[in-house]
There are 2 protein chains.
Amino acid sequence: MLHPLHFVISERLRDRILSGTYQPGDQIPSEHQVMAEFEVSRITARRAIANLAQQGLVTVQRGKGAFVATQQKVVYSLSSPLLSEAEMARQGVEVTVENLQYESVTMPAEVQKILGGAIAYLQKKILLFNGIPSCVDVTYVQPDLGKVYARELRRALTFSVLEKHGISIQKVDAVIECTQADYETSEQLEVPLGHPLIVNRHTAYSQERGAIVHGESISRGDRFCYSVRIERGGSRE
Amino acid sequence: MLHPLHFVISERLRDRILSGTYQPGDQIPSEHQVMAEFEVSRITARRAIANLAQQGLVTVQRGKGAFVATQQKVVYSLSSPLLSEAEMARQGVEVTVENLQYESVTMPAEVQKILGGAIAYLQKKILLFNGIPSCVDVTYVQPDLGKVYARELRRALTFSVLEKHGISIQKVDAVIECTQADYETSEQLEVPLGHPLIVNRHTAYSQERGAIVHGESISRGDRFCYSVRIERGGSRE
DNA sequence: TAGTGGTCTAGACCACGGT
DNA sequence: CCGTGGTCTAGACCACTAG
């Protein structure tokens with residue numbers, strides 16, 4: 001047997017999706033129908049459909065069925081305008097912030113090296129885009145800033161608040177990576193365990209103060225992406 | 001039942017991994033052992049272990065067992081030095097290129113809009129890092145460049161070749177996103193179906209010629225990440 | 001040969017969604 | 001109510017890895 005049965009079946013279904021036999025939003029055959037059409041047991045039929053879900057081609061809904069995915073990714077621009085309400089509004093996305101945690105803590109050792117000192121404000125929030133939980137943001141903020149702007153930071157995007165008060169971000173170091181949802185994140189973003197996530201681990205610096213913010217933003221990988229424009233001055237580093 | 005059995009078990013095993021009971025590289029209990037310890041059927045034990053694999057916590061090897069993952073990600077710098085052999089060497093990574101396809105083709109409509117014209121050289125290659133297939137690169141190159149440097153482009157990184165010949169990249173637009181492996185990619189990168197991938201869809205511009213290269217680099221999401229440094233001139237766009 | 005994971009079957013019960 | 005997907009069982013055969 002060259003390929004397992006469940007795989008052969010999922011490829012057949014995949015072809016129908018890509019060729020448009022099943023349009024985005026359409027329901028694909030139920031487990032029962034797959035069992036009948038390909039003459040396999042339910043476990044094999046389930047497995048075939050699970051393969052499609054794992055490739056992000058369909059989303060399954062208990063009690064209803066499996067439906068062809070239909071998605072347009074929202075773009076985070078990493079260049080000039082850092083993630084802001086205005087930038088998201090331009091893409092037709094309304095941002096609301098749900099605060100999970102906001103308190104003064106002693107930072108883990110890695111973060112102490114970056115921000116300096118031992119104490120910082122730790123904020124955890126969930127960003128809802130058009131009401132949909134889309135991003136988990138965990139950020140450490142320098143203690144003086146975290147204290148002064150506490151009320152606003154709880155309710156809005158970190159960089160928007162800082163820039164509004166004249167604290168301009170001069171440089172940002174960012175690492176973009178992808179991971180898979182663990183239990184906590186899968187609950188927060190309402191995705192299955194292991195769902196692909198796109199993570200932006202960032203440190204922001206201001207001219208006068210040095211590193212002022214360090215944190216990570218975790219978003220659904222199937223709905224978001226980052227764009228960057230790199231201009232080269234002709235010089236080589 | 002608050003949580004399914006397979007989930008409860010995978011969380012128990014997960015705790016042991018995170019707490020260090022099972023060290024990176026260690027073998028975790030076999031399906032048979034999980035069946036005995038938690039008194040469940042094999043399918044449930046398998047499912048529990050599959051949950052861990054899906055979170056990237058373990059890798060399973062047929063005939064051997066499941067082992068705690070141990071990974072350090074390689075960093076692609078998106079800033080000044082574009083992906084180059086020299087930059088990778090600095091991280092202790094030796095790059096070799098396996099050419100899959102190199103030929104003159106008519107571009108799909110979206111790509112025609114970017115590069116202009118109708119014809120380009122299409123190159124597909126697999127990049128091996130220290131001998132491990134790590135990145136699938138699909139790139140369209142302006143026809144005159146693709147023709148002149150054909151031999152070299154087959155065997156080295158695109159940007160290295162161009163810069164070596166004095167064609168300097170002046171600007172790059174990039175979008176970083178994550179996807180899940182389909183069958184073709186899973187074969188090429190030797191990962192399971194649905195494995196998380198990190199994709200860099202990029203367009204490079206030279207001063208004189210405008211857009212000269214457009215393509216995407218698809219890498220294993222568990223082994224690679226992108227870093228960017230954003231400097232702001234103080235101006236607002 | 002013994003142990004491991006990979007695939008598959010038949011059959012059961014539960015929970016959710018719409019009629 | 002029926003159809004959907006979610007979980008679970010017991011048992012079978014195959015393929016790979018090791019000693």
Side-chain angles (χ1 to χ4, degrees), chain A residues 1-13 17 22 25-69 181 183 186-187 190-195, chain B residues 1-13 17 22 25-69 181 183 186-187 190-195:
Chain A
M1 194 191 311
L2 195 51
H3 291 294
L5 236 188
H6 62 80
F7 174 74
V8 174
I9 295 171
S10 64
E11 284 296 293
R12 293 271 298 271
L13 295 173
I17 292 171
Y22 307 140
D26 281 2
Q27 182 169 8
I28 67 168
S30 70
E31 295 178 354
H32 195 74
Q33 289 170 323
V34 172
M35 288 169 69
E37 176 176 351
F38 297 97
E39 297 178 315
V40 293
S41 74
R42 186 169 165 221
I43 288 195
T44 305
R46 271 178 76 69
R47 179 80 187 269
I49 293 170
N51 288 343
L52 299 176
Q54 192 153 30
Q55 290 171 74
L57 290 169
V58 304
T59 59
V60 298
Q61 293 177 49
R62 185 201 189 99
K64 295 176 73 175
F67 301 83
V68 178
Y183 174 62
S186 73
E187 290 276 287
E190 296 172 12
V191 295
L193 252 190
H195 190 88
Chain B
M1 194 190 313
L2 194 51
H3 291 294
L5 236 188
H6 63 79
F7 174 74
V8 173
I9 295 171
S10 64
E11 284 295 293
R12 293 272 298 271
L13 296 173
I17 292 171
Y22 308 140
D26 282 1
Q27 183 169 7
I28 67 169
S30 70
E31 294 177 355
H32 195 75
Q33 291 170 322
V34 171
M35 288 169 68
E37 176 177 350
F38 297 96
E39 296 179 315
V40 294
S41 75
R42 185 168 166 222
I43 287 194
T44 305
R46 272 178 76 69
R47 179 79 187 268
I49 293 171
N51 286 343
L52 299 175
Q54 191 153 29
Q55 291 172 71
L57 289 170
V58 304
T59 60
V60 298
Q61 293 177 49
R62 185 201 189 99
K64 295 176 75 176
F67 301 83
V68 178
Y183 174 61
S186 72
E187 290 275 287
E190 297 172 11
V191 295
L193 252 191
H195 190 87

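Just the heavy atoms: all of them, side chains too, but no hydrogens, waters or symmetry mates, feed the values below. Numbers restart at 1 for each chain; the letters A, B, ... are given by sequence-line order, proteins then strands.
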Detail all sub-3.5 Å separations between protein N/O atoms and N/O atoms belonging to nucleotides 10-12 of chain D.
unit_1: dA12(D); atom_1: N6; unit_2: Arg42(B); atom_2: NH1; d: 3.1

*Considering only heavy atoms, which members of residues 27-37 of chain B lie under 4.0 Å from some atom of DNA chain D?*
none
_Can you tell me how far apart CD (Glu11(B)) and CG (Leu52(B)) are? Round to the nearest 0.5 Å._
8.5 Å
Taking only nitrogen or oxygen atoms into account, show me every contact under 3.5 Å that the protein makes with nucleotides 16-19 of chain C, one pair per line with its distance.
unit_1: dC16(C); atom_1: O4'; unit_2: Arg62(A); atom_2: NE; d: 3.3

Could you go through residues 54-63 of chain A and list every donor-acceptor pair under 3.5 Å that involves a side-chain atom there, pairing it with any protein atom two or more places apart or in another chain?
unit_1: Gln55(A); atom_1: OE1; unit_2: Arg14(A); atom_2: NE; d: 3.4
unit_1: Gln55(A); atom_1: NE2; unit_2: Asn51(A); atom_2: O; d: 3.3
unit_1: Gln61(A); atom_1: OE1; unit_2: Lys64(A); atom_2: NZ; d: 3.3

_From Leu193(A) atom CG to Glu187(A) atom CD, the distance as rounded to the nearest 0.5 Å_ = 9.0 Å
*asked:* Please find the pair of heavy atoms, one from Phe67(A) and one from Gly25(A), that lie closest to each other, and give the distance.
replied: CD2-O, 3.5 Å
*Could you tell me whether a side-chain N or O of Glu37(B) sits under 3.5 Å from a main-chain N or O of Val34(B), the two making a donor and an acceptor?*
no
*Just to confirm, is there a sub-4.0 Å distance from OP1 or OP2 of dG6(D) to any side-chain nitrogen or oxygen of Arg46(A)?*
yes
*Between dG5(C) atom C1' and Phe67(B) atom CZ, what is the distance in whole Å?*
11 Å
_Shortest non-hydrogen contact from Val191(A) toward Ala181(A)_ = CG2-CB, 4.2 Å
*Side-chain heavy atoms of Phe38(B) within contact of Leu5(B), under 4.5 Å*: no
*When you measure from the side chain of Gln33(B) to the backbone N and O of Ser30(B), does any donor-acceptor pair fall under 3.5 Å?*
yes
*Does Thr44(A) put a side-chain nitrogen or oxygen below 4.0 Å from OP1 or OP2 of dT7(C)?*
no
*Ile28(B) side, atom CD1; Ile49(B) side, atom CD1 - distance, nearest 0.5 Å*: 5.0 Å
*Hey, can you pull the residues of residues 48-58 of chain B with a non-hydrogen atom under 4.0 angstrom from DNA chain D?*
none
*Where each pair must be Watson-Crick or G-U wobble with both distances under 3.5 Å, what dot-bracket representation of DNA chain D is obtained, with crossing pairs in [ ] and other-strand partners as |?*
||||||||||||||||||.
_Between P on dG6(C) and CD on Gln61(B), what's the gap in Å once rounded to a whole number?_
10 Å
*Rounding to a whole Å, what distance do you find between Leu193(B):CG and dG6(C):P?*
14 Å
*Specify whether His3(B) and Tyr183(A) have parallel, tilted or perpendicular ring planes, treating 30° as the upper limit for parallel and 60° as the lower limit for perpendicular.*
perpendicular
*Any idea which heavy atoms bring Ala45(B) and Val40(B) closest together, and the distance?*
N-CG2, 4.0 Å
*Just how far is it from atom CZ of Arg42(A) to atom CE of Met35(A), taken to the nearest 0.5 Å?*
7.5 Å
